[in-house]
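Here is how names work: the chains are called A, B, and so on, in the same order as the sequence lines, proteins then strands, and each is numbered from 1.
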Amino acid sequence: MAKPPDSPKEDTISGVRLSDLAEMILTQIPHAQAIGMSVVHVERAKATIKLPYDTKLIGNPETGVIHGGVVTTLLDNGSGLATALAMDEIRGMATLDLRIDYMMAATPDRDVFAFAHCFRMTKKVAFVRGIAYHDTPDDPIATSSAAFMLDTIGKRLLGTSPLDSTGG
Amino acid sequence: MAGTSTDTVDMQELWQDIPYVKFLGMKIDLKDGELITTLPPQEHLIGNQFLPALHGGVIGAVLETTAIVELMWRSKFQSFPKPIDVTIDYLRSGRMLETHANARVVKHGRRVANVQVTAWQDDIDRPIALLHGHFLLPNAAREQTADDVV
């Protein structure tokens with residue numbers, strides 16, 4: 001993968017720029033690709049991702065509103081990404097629990113964004129908050145609170161790619 | 001308790017009309033008077049391709065859908081419950097096996113239902129994930145509910 005030769009100050013994780021790492025993680029998650037998730041913006045411990053509206057994701061055929069489970073998936077994935085971006089070096093992780101509060105239905109025909117912030121990371125556990133929205137996080141579709149266990153996968157699985165253990 | 005064959009036919013029709021349920025490939029069965037949903041393992045549902053494991057969000061979606069269909073079934077499909085909040089506990093990674101889920105309505109009030117859902121794969125005594133959540137019941141549900149308490 002491309003190292004950042006130009007700027008020694010640029011933030012990296014295991015030698016990978018944050019934006020490159022986020023792209024690589026998302027493209028290696030088959031389900032994220034299947035529903036069309038993409039990275040919008042990343043910074044240290046924070047990620048914003050996008051889910052385009054798609055009729056195959058409709059949960060209520062009468063209204064055309066996407067299924068709540070899709071919002072859950074977007075927040076889960078965004079939270080995992082924020083956790084990866086909070087690490088000093090790539091480590092394995094697994095979702096321990098995820099709470100979602102649904103404030104309003106997503107609007108049909110509109111993209112949904114998810115912003116997630118890993119606001120605290122202890123030796124073994126990461127704590128993450130997330131917000132799903134259309135226009136601004138101040139007008140949320142749903143909010144989330146998640147905990148991730150760290151180092152859930154042995155280092156032998158981390159040999160070929162720094163991304164082997166992330167996602168899902 | 002609603003459990004006639006007519007209900008099952010209605011349920012299958014309604015079920016097939018939900019695009020996201022089709023996308024996931026979820027199936028629904030009535031076994032011994034209980035609704036059981038099944039998710040077949042598929043490539044496009046993978047969250048970690050190196051294990052491989054199902055996406056945690058997909059497991060959450062299956063649990064949530066199972067809760068909703070249980071409530072719809074109980075209301076004879078007169079209501080479409082909306083999730084207020086759900087909490088998902090991930091106990092084991094979802095392997096590339098069939099995943100089953102079954103919901104228990106802990107409390108069915110006039111406006112809100114409290115539901116617990118368990119998901120398992122090859123061993124029902126080794127659940128892979130649990131959900132508990134609150135679901136808002138639309139007006140139609142009220143008329144169908146005899147044991148209103150909330």
Side-chain angles (χ1 to χ4, degrees), chain A residues 28-35 37 54-80 92-105 142-149 152-153 157-158 160-161 163-168, chain B residues 13-26 39 42-69 72 80-94 96 128-136 138:
Chain A
Q28 291 196 40
I29 299 173
H31 186 65
Q33 296 305 302
I35 63 174
M37 273 189 227
D54 190 327
T55 53
K56 74 182 176 205
L57 304 178
I58 290 172
N60 185 338
E62 287 177 16
T63 60
V65 172
I66 60 168
H67 195 282
V70 180
V71 177
T72 301
T73 298
L74 190 68
L75 285 166
D76 177 46
N77 217 128
S79 298
M93 69 167 111
T95 318
L96 190 62
D97 63 16
L98 175 68
R99 177 193 164 107
I100 313 275
D101 291 294
Y102 296 98
M103 277 86 190
M104 64 175 185
T143 62
S144 65
S145 177
F148 289 82
M149 287 301 298
T152 51
I153 294 172
L157 281 175
L158 296 171
T160 52
S161 160
L163 310 173
D164 281 1
S165 60
T166 53
Chain B
E13 281 180 8
L14 197 130
W15 191 247
Q16 285 306 311
D17 282 345
I18 303 173
Y20 185 63
V21 163
K22 271 193 191 168
F23 173 68
L24 293 182
M26 273 180 84
L39 180 80
Q42 294 157 91
E43 194 75 23
H44 73 281
L45 304 182
I46 292 174
N48 183 326
Q49 59 183 330
F50 300 97
L51 289 176
L54 295 171
H55 197 289
V58 169
I59 294 170
V62 167
L63 291 165
E64 189 180 311
T65 304
T66 304
I68 289 171
V69 76
M72 290 173 76
F80 201 101
K82 292 179 185 171
I84 299 168
D85 58 54
V86 298
T87 302
I88 303 148
D89 292 332
Y90 294 95
L91 306 175
R92 296 177 173 87
S93 70
M96 296 311 285
I128 64 161
L130 308 172
L131 173 146
H132 67 91
H134 295 98
F135 294 82
L136 196 61

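Across all their heavy atoms, A:Leu98 and A:Ala146 have their closest contact at CD1-CB, 3.7 Å. Contact record, B:Phe135 with B:Pro83: CD2-CA, 3.5 Å, taken as the closest heavy-atom pair. Smallest separation of non-hydrogen atoms from B:Asp17 and A:Pro61: O-CG, 3.1 Å. The minimum heavy-atom distance between B:Leu24 and B:Gln42, with the atom names listed, is O-NE2, 2.8 Å.
Most heavy-atom pairs under 4.5 Å with chain B, from the set A:Gln33, A:Met149, A:Lys56: that is A:Lys56. Chosen from B:Ile68, B:Leu63, B:Asp89, the residue pairing most often with chain A at heavy-atom distances under 4.5 Å is B:Asp89. Of all the listed residues (A:Leu96, A:Thr72, A:Thr143), the one sharing the greatest number of non-hydrogen pairs under 4.5 Å with chain B is A:Leu96. Ranking B:Pro19, B:Pro52, B:Ser93, B:Ala61 against chain A, the residue ahead of the rest is B:Pro19, based on heavy-atom pairs under 4.5 Å. Note: B:Tyr20 leads B:Tyr20, B:Phe23, B:Phe80 in heavy-atom pairs under 4.5 Å with chain A.
Under the side-chain contact (heavy atoms from CB on, under 4.5 Å) rule, A:Ser144 has a single partner from A:Asp76, A:Leu74, A:Leu75, A:Asp101, which is A:Leu75.
For A:Val71, no part lies near chain B; criterion is any non-hydrogen pair under 4.5 Å. Looking at B:Ile46, the atoms closer than 4.5 Å to chain A (heavy atoms on both sides) sit in the backbone and in the side chain alike. Residue contact with chain B, scored on non-hydrogen atoms closer than 4.5 Å, is absent for A:Asp54.
Contact of the B:Val21 side chain with the B:Val69 side chain is not registered, since no non-hydrogen atoms from C-beta on lie closer than 4.5 Å.
Chain B is approached within less than 4.5 Å, heavy atom to heavy atom, by A:His67, A:Gly68, A:Gly69 from residues 62-69 of chain A, ordered by number.
Note: B:Ile18 CD1 to B:Met26 CE = 9.0 Å, rounded to the nearest 0.5 Å.
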Practice prompt. Please step through side-chain hydrogen bond (donor to acceptor under 3.5 Å, both in side chains) for the pair A:Asn77 and B:His55, ending with a clear verdict.
Written response: CA-CA 9 Å; A:Asn77 217 128; B:His55 197 289; 2.7 Å; yes
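Residues meeting the side-chain hydrogen bond (donor to acceptor under 3.5 Å, both in side chains) test with B:His134, sequence neighbours left out: B:Asp85, B:Asn114.
Sparse packing is recorded around CD of B:Glu43, with 12 or fewer heavy atoms of other residues, nucleotides or ligands lying under 6.0 Å away.
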